[in-house]
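To start, the structure itself, in structure tokens.
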Number of protein chains: 2
Amino acid sequence: MAEPVTEINDLQTPDRILATAEEMFAEQGYWGVSLRSITRASGVNIAAIHYHFGSKQELLERIFEKRCAPMNQERLRLLAECREDAARPPLLEQILEAYLRPSLIWPNDPDGAPRFLRLRAVLSQEHETLAANLISRHFNEVSRTFVRSLLAVLPEFSEEEVFWRFQFLLAAQYYTLSNPGRVVILSDGKCDPSDSEASLRHMVPFCAAVFRAPAPSSDALIFGPSLPVPLAKVG
Amino acid sequence: MAEPVTEINDLQTPDRILATAEEMFAEQGYWGVSLRSITRASGVNIAAIHYHFGSKQELLERIFEKRCAPMNQERLRLLAECREDAARPPLLEQILEAYLRPSLIWPNDPDGAPRFLRLRAVLSQEHETLAANLISRHFNEVSRTFVRSLLAVLPEFSEEEVFWRFQFLLAAQYYTLSNPGRVVILSDGKCDPSDSEASLRHMVPFCAAVFRAPAPSSDALIFGPSLPVPLAKVG
DNA sequence: GTCTATAGAGCGATAGAC
DNA sequence: GTCTATCGCTCTATAGAC
């Protein structure tokens with residue numbers, strides 16, 4: 001667990017291709033990166049990609065396979081360590097950290113987890129069916145395990161209400177890792193979500209607040225077409 | 001405000017191109033869509049795109065120009081209608097609805113707002129510099145106006161803390177509109193975030209909970225490398 | 001396993017007739 | 001303003017020498 005960070009130049013051909021492709025796909029999307037640009041960046045011959053991986057799509061699928069197992073194992077390992085303890089935060093916060101931390105911070109590879117999550121995000125927008133398929137295959141099981149744990153600590157909510165809140169957990173996770181720059185610009189640098197530890201420190205209590213929020217009441221909205229604004233002016 | 005929904009086939013050539021391109025870019029990304037596929041889908045000649053727009057990038061920029069002004073006007077119109085009133089939700093919820101509703105629901109064009117937000121999301125991942133530039137040009141002003149309004153109703157928080165929360169507002173907005181399908185799969189259809197009114201009904205109170213959450217305390221996390229887990233087992 | 005060469009197709013953009 | 005034709009380029013994938 002304490003090996004040095006591995007550089008792309010140290011890797012053998014197939015791992016070099018995987019590492020370079022992951023980085024480029026995450027930055028520019030699947031359709032925005034050609035196999036030839038991957039060969040140029042990794043110093044590998046164009047035919048080597050087809051020899052080792054067969055096609056562009058299979059290369060992408062191998063990136064998923066390589067990343068998902070360790071991320072999910074780490075999530076389950078942390079989940080198993082969660083327990084009620086007066087010296088610890090509430091169980092809800094512990095479960096949320098167990099889910100979020102491995103997607104933000106990868107041991108010995110600080111950029112690895114954010115980069116892979118960014119790749120998942122861009123792929124699900126460029127190539128919806130392929131992404132939905134890959135993500136379902138690799139993440140349904142662990143996500144449902146966490147939803148069950150969340151249901152157990154929030155017995156007052158229905159399964160549907162917990163899934164609505166899980167949607168916001170996923171939102172915070174994806175957006176923070178794939179668009180950290182927007183708020184840096186808006187805030188003139190006062191706030192930087194690309195600092196993963198700082199993000200996590202905010203995400204856990206914020207998501208806990210969402211999970212504890214009461215179910216929406218029917219009069220929560222006022223501007224909707226269903227509940228038109230009374231147009232009489234004040235003052 | 002109550003005109004019928006316009007069909008692509010009713011439009012003149014430049015507007016047809018804009019409408020078709022927006023739809024295809026939103027679904028498959030910028031690099032995933034060729035100008036020729038737009039011409040095939042819209043029944044327009046390839047040269048017409050270059051005649052009317054000059055290039056693929058300028059076509060994209062014109063889509064932004066066409067969408068942003070009305071969305072932002074509607075946000076500011078609703079913001080101006082927010083006021084303290086015992087018969088209404090708290091001001092915070094009103095401001096959040098004023099920000100979110102125009103990005104989820106577009107009058108007379110139910111798919112328009114989600115589609116455009118999806119386009120923004122995919123573009124910011126495929127073509128980061130172009131996207132950051134376009135989004136800054138069209139949204140910085142209105143976003144900062146809302147941050148100022150939020151600061152005014154949350155005087156206990158610093159500007160930085162409000163920006164951290166704004167990050168989560170953006171996250172909920174983008175993810176809900178660009179990846180509604182993930183939770184439908186996870187929940188076996190029990191929960192459907194592509195229902196925009198249902199999403200908004202949850203997003204407003206959930207985001208309000210985030211904005212009201214206290215600033216994170218230093219012992220909020222337990223699994224971090226900085227705060228290692230005590231390894232003694234229980235039981 | 002690694003390379004060169006190339007097939008076969010699609011791309012953005014433009015020229016120029018009408 | 002709309003069309004056809006085409007330039008010049010890049011792409012994925014494969015064939016076949018070494």
Side-chain angles (χ1 to χ4, degrees), chain A residues 8-64 66 119 122-123 125-131 133-134, chain B residues 8-64 66 119 122-123 125-131 133-134:
Chain A
I8 283 181
N9 291 338
D10 302 335
L11 299 172
Q12 300 293 352
T13 300
D15 285 330
R16 262 166 94 111
I17 295 169
L18 278 174
T20 311
E22 182 188 44
E23 190 171 334
M24 297 183 73
F25 285 147
E27 290 298 318
Q28 296 154 232
Y30 180 73
W31 299 117
V33 174
S34 68
L35 293 181
R36 300 176 113 95
S37 68
I38 296 170
T39 65
R40 284 191 290 269
S42 59
V44 153
N45 187 278
I46 176 72
I49 296 189
H50 287 99
Y51 177 78
H52 290 290
F53 299 97
S55 72
K56 188 177 180 180
Q57 182 172 322
E58 284 182 67
L59 169 60
L60 180 75
E61 302 200 12
R62 291 280 294 276
I63 294 171
F64 265 73
K66 195 185 152 195
L119 169 54
V122 62
L123 188 69
Q125 280 161 343
E126 285 186 299
H127 204 321
E128 193 171 5
T129 54
L130 173 60
N133 188 308
L134 278 171
Chain B
I8 284 181
N9 291 338
D10 301 335
L11 299 172
Q12 298 294 349
T13 299
D15 285 329
R16 260 165 96 112
I17 295 169
L18 279 173
T20 310
E22 181 189 45
E23 189 171 336
M24 297 183 74
F25 286 146
E27 290 297 317
Q28 306 167 89
Y30 180 72
W31 299 116
V33 174
S34 68
L35 292 182
R36 301 177 115 96
S37 68
I38 296 170
T39 64
R40 284 191 292 269
S42 59
V44 154
N45 187 276
I46 176 72
I49 296 189
H50 288 98
Y51 177 78
H52 290 289
F53 300 97
S55 72
K56 188 177 179 178
Q57 180 172 323
E58 284 181 68
L59 169 60
L60 179 76
E61 302 199 13
R62 291 278 295 276
I63 294 171
F64 265 72
K66 194 186 152 197
L119 170 54
V122 62
L123 188 70
Q125 280 161 342
E126 285 186 300
H127 205 320
E128 193 171 5
T129 54
L130 172 60
N133 187 306
L134 278 172

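Both backbone and side-chain heavy atoms feed into the values below; hydrogens, waters and symmetry mates do not. Note on naming: letters A, B, ... go to the chains in the order of the sequence lines (proteins, then strands), and numbering restarts at 1 for each one.
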For this session: Can you measure from CE (B:M24) to CG (B:L119) and round to the nearest 0.5 angstrom?
Result: 13.0 Å

For this session: Quick one: label B:A47 by what it contacts on the DNA or RNA (base, sugar-phosphate, nothing), any heavy atom closer than 4.0 Å.
Result: base

Seminar exercise, completed: Contacts of B:S37 and A:G43 projected onto DNA chain C by closest heavy atom; the upstream (5') one is A:G43

Exercise. What orientation do B:H127 and B:W31 show, parallel under 30°, tilted 30 to 60°, or perpendicular over 60°?
Worked result: parallel

For this session: Go through the steps for A:V44 and A:T20 under the test side chain to side chain contact (heavy atoms under 4.5 Å, CB included), then give the verdict.
Result: CA-CA 10 Å; A:V44 153; A:T20 311; over 6 Å; no

Seminar exercise, completed: In the 5' to 3' direction, the nucleotides of DNA chain C bounding the stretch that comes under 4.0 Å of a heavy atom in chain A are C:dG1 to C:dT6

For this session: Report yes if some heavy atom in the side chain of A:F25 is under 4.5 Å from a heavy atom in the side chain of A:E126; otherwise report no.
Result: no

Problem set entry | B:I38 and B:I46, any side-chain heavy atoms less than 4.5 Å apart | no

For this session: May I ask you to evaluate whether A:S34 reaches the phosphate of D:dC11, defined as a side-chain N or O under 4.0 Å from OP1 or OP2?
Result: yes

For this session: For atom CD of A:E128, decide whether the heavy atoms of other residues, nucleotides or ligands shown that lie under 6.0 angstrom number more than 12.
Result: no

Seminar exercise, completed: Across all chains, not counting sequence neighbours, the ring pair (Phe, Tyr, Trp, His ring centres under 6.0 Å) partners of B:H50 are none

Seminar exercise, completed: What residues 49-62 of chain A contributes to the DNA chain C interface at heavy-atom separation below 4.0 Å is A:Y51, A:H52

Exercise. Starting at the 5' end of DNA chain D and moving along, which residue's nearest nucleotide shows up first, B:I46 or B:P14?
Worked result: B:P14

Seminar exercise, completed: So CD of B:E61 and CZ of B:F53: to nearest 0.5 Å the spacing works out to 12.5 Å

